[in-house]
Protein chains: 2
Amino acid sequence: MGPDKIPIEAPSDREAHLKRATRNFVTSEDVARLAGVSRSAVSRTFTPGASVSADVRHRVQEAAKTLGYRVNRLARSLISDQSNLVGVVGANLSLPFMARQLDELSRALLRRGMQCLLLNAAEAEQGITPLIESILEFRVRAIVVMSGSPPSSIIDECVANGVRVILVNRQADDAEADTIISDDLGGARIAAERLLRAGCRCIGVVGSGARTPTQIRRRVAFADSIRDAGLEPIVWASGETTYETGIEAAKGLLASHDLDGVFCVTDLLGLGFLDGAREAGRRIPEDLSVVGFDDIPQSAWASYRLTTVRQSMNDLTGSVLSAIEREMHGKGTALAHEILPVELVERATVRPAT
Amino acid sequence: MGPDKIPIEAPSDREAHLKRATRNFVTSEDVARLAGVSRSAVSRTFTPGASVSADVRHRVQEAAKTLGYRVNRLARSLISDQSNLVGVVGANLSLPFMARQLDELSRALLRRGMQCLLLNAAEAEQGITPLIESILEFRVRAIVVMSGSPPSSIIDECVANGVRVILVNRQADDAEADTIISDDLGGARIAAERLLRAGCRCIGVVGSGARTPTQIRRRVAFADSIRDAGLEPIVWASGETTYETGIEAAKGLLASHDLDGVFCVTDLLGLGFLDGAREAGRRIPEDLSVVGFDDIPQSAWASYRLTTVRQSMNDLTGSVLSAIEREMHGKGTALAHEILPVELVERATVRPAT
DNA sequence: ATCAGATTTGCACACGTGTGCAATGCTTGC
DNA sequence: GCAAGCATTGCACACGTGTGCAAATCTGAT
């Protein structure tokens, strides 16, 4: 402001002062100056496989340590156009299954030298499109969606920009996204078979009011299996996907029906159902057999010992990671459409097979 | 690159081809060309409060939509030196308390327009210093540490670079970090008083083998309170901080001592202890009273109904956020040292006061 | 029609880094 | 001693964006 009559040094001085005031990060230029080399040498020192003499490398590292230099990844990504960021979209992070999923994923990403940009979709009233857009602004390497259902338009935009979209237990029919889902249909069938083998004749299925593909697949597949056996299942499907809903389902269902077998599409619902059923005076598994889905840690606790269908967490994160690491080859890149196997974990909430 | 004899168009052609090959992101230059304006106009259109005519703004927005333009935050942060990233360090993300903490924090950050860079400290054998260093490379606005104990040297480096470090339920005595901890001492005292009021005379305290400040504070403060009442507490302190350790503690402790009151420094330990105690034939709360700490969701479940000391999650994330948003003023910036109040949640695992 | 003032626009530089290219220095073999 | 070859180094440009400054355009009042 008014640089007209100020002596030459002033602006640079002013600049220097400004720098001290707002900009405190050490740059490679600072390091270069202290080490008495060019900026290129500094850059090369921190670039694996670049050509630097041992002497220079040493001096640079020394100077860097003295000054506390950290390479600016923003600038580096800007030029190499390859940030090692991975965007992760998830909601209900405190629910045991989601929490474990995120724990494993974030750990695996770090192990592979990637960073995890976490976006909580809990308050995304207008869908997760805005979230994905904001992730895109970071030029991420890939986006993992564990919650919500992205419209295929935004997925196409990601793909057009060379960003893989990986849907975990989600579905987007004709979009160019990798999808990795556990075998809901198979799992539901296994649960039905187990209950039938236990001799159950009056069977219910408990879901929440959520209309997620996972919920629907499990519910429908189970109901179909029961009908195949000539029985008509009693369905509960309202409320949130929580422990409390499980309790309500038990109270509601058991008041009007004398069920002897129930499949809860989620362990959390299952645990609530167990508590609700006990409160209603049912003995488990003598009066009533219960099967869950997911195998969250709490299902193994002594007060529950819930028989359930397990999703292999290892397989899941493994598949996600290999999808991320697969290279993109333009639009027609091969997409993964994996369906991961599940297995029944026998505990104590289902009568032995007759 | 030999611009001497090559016709003018050639380089730009070659460049264009290169762009198509490796670089698929749309830039502001592309938008400007399509809209028939300068690149500055594009930049200003996406900068709130900048001076652009309605006409230009409209044309730019139209072009941006057609091309699918997203501003490159890396480049933006590079110049403004203000990324809205916040680094979060945490381990054991699947443990209920940590999961809830992360859920709330990530949600709050997003609501304030900040992004969450999540680093899982689970596999940080050599401490979390390397993690913090790598966060620093992203020029984050602040770092929230929920796990591990950063040496003060790295904290000082963060502060020197204008990056706030916020320790949640952690401690770093003389370092320049904001620390936000819940009132472990007060909570432990409340737990002790409650057990004493219930008439307990043979009292135990259960912790894990972890040497975290939180664990130690709670254990010591509780033991001191018990001793003040003229009793000598029985201490258990080994294993990981899990449900299973709680069971083992119950089996180990109850085999040799006839306890009538126990304080578990973590709800997870407490729930395990309850199941272990029941298995050992103790009736709760008739024979044995149990108090936990944290108030995780599972503590309210019907099979447990654990009386516990609650940390207010709202207060916690609120304090973290206000610390992040407080401006940095060089080295001598005022630091927060908050101790958040706790409260006893009465459920069903402690005998009524006599 | 003219001119002052306000608004809009484009130029050019800055941010911190990676890297091709040419120049420099060093080694080696004769 | 000299030339050839090779490792090392510095220069300069590129990445995509924000913004001060001056030029250009528009507005409105005389």
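In what follows, chains carry the letters A, B, and so on, assigned in the order in which the sequence lines appear, proteins first and then strands, with residues in each chain numbered from 1.
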With rounding to the nearest 0.5 angstrom, report the CG to CZ distance, B:L335 to B:R164.
6.5 Å

Take atom NE2 of B:H58 and atom P of C:dT8, then tell me their distance rounded to the nearest Å.
17 Å

Give the rounded distance in Å between these two atoms: CG of A:D55 and C1' of C:dG25.
13 Å

For D:dG18, does either OP1 or OP2 sit under 4.0 Å from a side-chain N or O belonging to B:S43?
yes

To the side chain of B:I79, which of D:dT17, C:dG18, D:dG10 is closest?
D:dT17

Name the closest nucleotide to the A:S40 side chain, picking from C:dT9, D:dT9, D:dA12.
D:dA12

Under 4.0 Å, heavy atoms only, any strand: does B:Y69 hit a base, just the sugar-phosphate, or nothing?
sugar-phosphate

Over 12 non-hydrogen atoms of neighbours within 6.0 angstrom of NE2 in B:H337
yes

side-chain N/O B:S28 vs D:dT17 OP1/OP2, d < 4.0 Å
yes

Rounded to the nearest angstrom, tell me the gap between atom CD in B:E29 and atom P in C:dC11.
11 Å

Looking at B:E137 and A:R76, does any basic side-chain N land under 4.0 Å from a carboxylate oxygen?
no

Whichever of A:A54 and A:R39 has the more 5' nearest nucleotide on DNA chain D, that residue is A:A54

Measure from CZ on B:R139 to P on C:dG16 and round the result to the nearest Å.
8 Å

For B:L78 and D:dT19, give me the distance from atom CG to atom P, rounded to whole Å.
13 Å

DNA chain C nearest-nucleotide lookup for A:T27 and A:R44: closer to the 5′ end is A:T27

Mind checking B:V52 for me? I need base, sugar-phosphate or nothing, with any heavy atom below 4.0 Å counting as a touch.
sugar-phosphate

Using side-chain contact (heavy atoms from CB on, under 4.5 Å) as the criterion, point out the one residue from B:D103, B:L109, B:L110 that pairs with B:R107.
B:D103

So, is A:S51 close to the D:dA7 phosphate, meaning a side-chain N or O under 4.0 Å from OP1 or OP2?
no

In whole angstrom, give the distance that lies between atom CG of A:N84 and atom P of C:dG18.
13 Å

Between D:dG16 atom P and B:D30 atom CG, what is the distance in whole Å?
8 Å

Given D:dT9, is OP1 or OP2 found less than 4.0 Å from the side-chain N or O atoms of A:S53?
yes

Closest of D:dA14, D:dG18, C:dG10 to the B:R76 side chain is D:dG18

Return the value, rounded to whole Å, for the distance between atom CD of A:E137 and atom P of D:dG16.
15 Å

Using side-chain hydrogen bond (donor to acceptor under 3.5 Å, both in side chains) as the criterion, point out the one residue from B:H58, B:R59, B:R57 that pairs with B:D55.
B:R59

